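What follows is a single structure, written as structure tokens, with notes after it.
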Number of protein chains: 2
Amino acid sequence: MTATTREQFLAAAEHLFAEKGFYGASIATIARELGLTKQALLHHFGNKEKLYGEVLRSLSERLAANNSEIRENSPDPAEQLEEMLLAQFRGQMAHQDSARLIMRELLDNEQRADRAGNWYLKDYLEELVSTVQSVNRKFSRAQALAVVYQLLGAAHYFAVSQPTLDNIFGKRQMADTRQCFEAQLRQLIRAALA
Amino acid sequence: MTATTREQFLAAAEHLFAEKGFYGASIATIARELGLTKQALLHHFGNKEKLYGEVLRSLSERLAANNSEIRENSPDPAEQLEEMLLAQFRGQMAHQDSARLIMRELLDNEQRADRAGNWYLKDYLEELVSTVQSVNRKFSRAQALAVVYQLLGAAHYFAVSQPTLDNIFGKRQMADTRQCFEAQLRQLIRAALA
DNA sequence: GAATGTACTTACCGTTTGGTAAGTTGTCAA
DNA sequence: TTGACAACTTACCAAACGGTAAGTACATTC
């Protein structure tokens, strides 16, 4: 169960990239987190871009694994969709680093389309879209995508904004909001599909 | 109507910060956009942080202006809220730089809480929350905030993801989705408040 | 016409950046 | 016991970073 150096590098990199973004995090800082030099990091990953790509790849693998688990556990498409969206929300609240990283990638990848893992969201989104369509046949593909993205946004945006909201509204108020957010989100999902 | 150098700097900075983030955009690059040196920029703004602060401030002023205009034009709170959210959505679709900048600030401001304009979202959010509560009295403050944030997220997330989605799904499909997004969003808003 | 201020420039500075080159050290197999 | 490989290190490097200092060019004002 002891993590390899490589895995430790990936974990540290995920954290720092999520916090400061690609440009804001330096490979030297990431390496220092493990008490190693940046050349040790370069030895394992070649260069900074490749490291970033690997972080993204490992993240997308975790995402995919989560989803296929849900798909197996519930046969009803409506229930499936609800569970997928809520599980994604819970996952992002629990692992804010990943949530922030995904958001950053959404903002940045326009510029560097050559990065590995660029389209890893595609399968994930396609899956949700077709689930929406099988729940409510009235939806066109475009409509279904719009709905999926609205629901995804409703969840992800909140997960990512947590620290900022804590500052704006205070931890007390935000604890309340966090508590009722999931129930409210569930309602929103059902309403969107009706 | 001719923009001052200072205004031109602000515009160029907004664009580049939105595209690359605070660390990714260098003051030299911003200045080069106007054919000037970075020392000209420093002459006007002192340092990079202050420039970023000014960009944020001017952005928040535009946001506030938009909202008070809407508040004046429609007396019914339900209509007001719907219009505020939709106007914000349209604004972000039209000025994607601002949308991206706000998202970036949401991600980054945790780390540098000293930045000017840090809480400029507060008034905006408070306003939406109280409007939600006056539309539907059943909502607690925490619930209202949750709803507001879900709706805001639904809109903002989509606006920001545009280039990525164009890549994933193709411009054709995305044009369709864009077209029906607003109507779908309006439905979602109404459903969330019922 | 001298002084003042604004809008810049060139010339630097120290630090940090991502990256290369060339070891060193330990392990493990033939 | 030698040879090969992996996992590092120290020593560099050129370029870019944000920022300072000192000057130039041009109005405006007294």
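Being a predicted model, the structure only gives us computed values, none of them experimental. Lettering follows sequence order; numbering is per chain, from 1.
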Would you indicate, yes or no, if C:dC8 has its OP1 or OP2 atom less than 4.0 angstrom from a side-chain nitrogen or oxygen of B:Thr5? yes
Nearest-Å distance for atom pair CD1/C1', residues A:Ile30 and C:dG19: 15 Å
Mind checking B:Ala31 for me? I need base, sugar-phosphate or nothing, with any heavy atom below 4.0 Å counting as a touch. nothing
Cationic N near anionic O, under 4.0 Å, A:Glu126 to A:Arg141: yes
A:Ala28 or B:His43, whichever maps to the more 5' nucleotide of DNA chain C: B:His43
Nearest whole Å is fine: how far is C:dG18 C1' from A:Lys50 NZ? 13 Å
Can you check the A:Arg32 CZ to C:dG18 C1' distance for me, whole Å? 14 Å
Against the side chain of A:Ile27, the closest entry in C:dT10, C:dG18, D:dT9 is C:dG18
Tell whether A:Lys38 reaches the base of C:dG19 with its side chain through a donor-acceptor pair below 3.5 angstrom. yes
Would you kindly give the CZ-to-C1' distance between A:Phe9 and D:dA7, to the nearest whole Å? 10 Å
Tell me whether the count of non-hydrogen atoms from other residues, nucleotides or ligands lying under 6.0 Å of NE2 in B:His44 goes above 12. yes
Looking at the side chain of A:Ala40, which of D:dT9, C:dG18, D:dG18 is the nearest nucleotide? D:dT9
Check for a donor-acceptor pair, side chain of B:Glu7 on one end and backbone N or O of B:Thr4 on the other, with a separation under 3.5 Å. yes
Comparing nearest nucleotides in DNA chain C, the 5'-proximal residue of the pair B:Arg6, B:Gln39 is B:Arg6
Has A:Glu61 got more than 12 heavy atoms of other residues, nucleotides or ligands less than 6.0 Å from its CD? yes
A:Glu49 CD - C:dT17 P separation (whole Å): 16 Å
With a 4.0 Å limit, can you tell me whether B:His44 has a side-chain N or O closer than that to the phosphate oxygens OP1/OP2 of C:dT6? no
Rounded to whole angstrom units, what separation is found between the CZ atom of A:Phe22 and the P atom of C:dT17? 13 Å
Between P on D:dT9 and CG on A:Leu42, what's the gap in Å once rounded to a whole number? 11 Å
Examine D:dA16: is either OP1 or OP2 under 4.0 Å from a nitrogen or oxygen in the side chain of B:Ser26? Give yes or no. no
Decide whether A:Ser26 and A:Thr29 meet the rule of one side-chain donor and one side-chain acceptor closer than 3.5 Å. yes
Rounded off to whole Å, could you give me the CD-to-C1' distance for the B:Glu7 and C:dA7 pair? 16 Å
